[in-house]
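This report concerns only the one structure given below.
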Amino acid sequence: MADARNRYCRNCGRGYHRFRELTPDEREYAVKIVDEADVDEFRRCTNGSCVRVQHYFNARSGFNLPEELR
């Protein structure tokens, strides 16, 4: 079983990748897409230049950050 911080990334595909909490700039963008009350449940993939942000417990619930936040 994968480490608690490692999750499947829909963008990266194969294997599990580390996800981290959002930075203030990423969080500011995320609250435009998800309710502010839920934004702390989202994490960003740290694999290479991946821009995937997804719900910590649901890989299907997520979005891509814009290029300027790559």
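If you read the sequence from its start, that first residue is 1, and numbering goes on from there.
Under the salt bridge (charged side-chain N to carboxylate O under 4.0 Å, His left out) criterion, R70 pairs with E67, not counting sequence neighbours. R10 is linked by a salt bridge (charged side-chain N to carboxylate O under 4.0 Å, His left out) to nothing, counting only residues two or more places apart in sequence or in another chain. Under the rule for a side chain to side chain donor-acceptor pair (under 3.5 Å), the partners of D40 that lie at least two apart in sequence or sit in another chain are R27. Scanning for side chain to side chain donor-acceptor pair (under 3.5 Å) contacts around R52 gives Q54, with sequence neighbours left out. Residues satisfying the side chain to side chain donor-acceptor pair (under 3.5 Å) criterion with D25, sequence neighbours excluded, are absent altogether. Judged as a ring-ring contact (aromatic ring centres under 6.0 Å, His included), and not counting sequence neighbours, F19 has no contacts.
Side-chain N or O atoms of D35 include none that pairs as donor or acceptor with a backbone N or O of A37 at under 3.5 Å. Judged by distance alone, with hydrogens and angles left aside, the side-chain atoms of R7 form a donor-acceptor pair with the main-chain N or O of Y56 at under 3.5 Å.
Here the side chains of F63 and V34 are in contact, with some heavy-atom distance below 4.5 Å. The closest side-chain heavy-atom distance from T46 to H17 is not below 4.5 Å.
The CD1 atom of I33 sits 7.5 Å away from the CG atom of L65 when rounded to the nearest 0.5 Å. In this structure, SG on C9 lies 10.5 Å from CZ on R44, to the nearest 0.5 angstrom. Atom OG1 of T23 sits about 13.0 Å away from atom OH of Y29, to the nearest 0.5 Å.
The number of heavy-atom neighbours closer than 6.0 Å to CD of E36, taken from other residues, nucleotides and ligands shown, is 12 or below.
Of all heavy-atom pairs between Y8 and G13, the closest is CE1-O, 2.7 Å.
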Decide side chain to side chain contact (heavy atoms under 4.5 Å, CB included) for N64 and V53; before the verdict, give the C-alpha distance in whole Å, the side-chain angles of both, and the deciding distance to 0.1 Å.
CA-CA 6 Å; N64 290 332; V53 172; over 6 Å; no

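In this structure, E26 pairs ionically with R20, as a charged nitrogen and a carboxylate oxygen lie closer than 4.0 Å.
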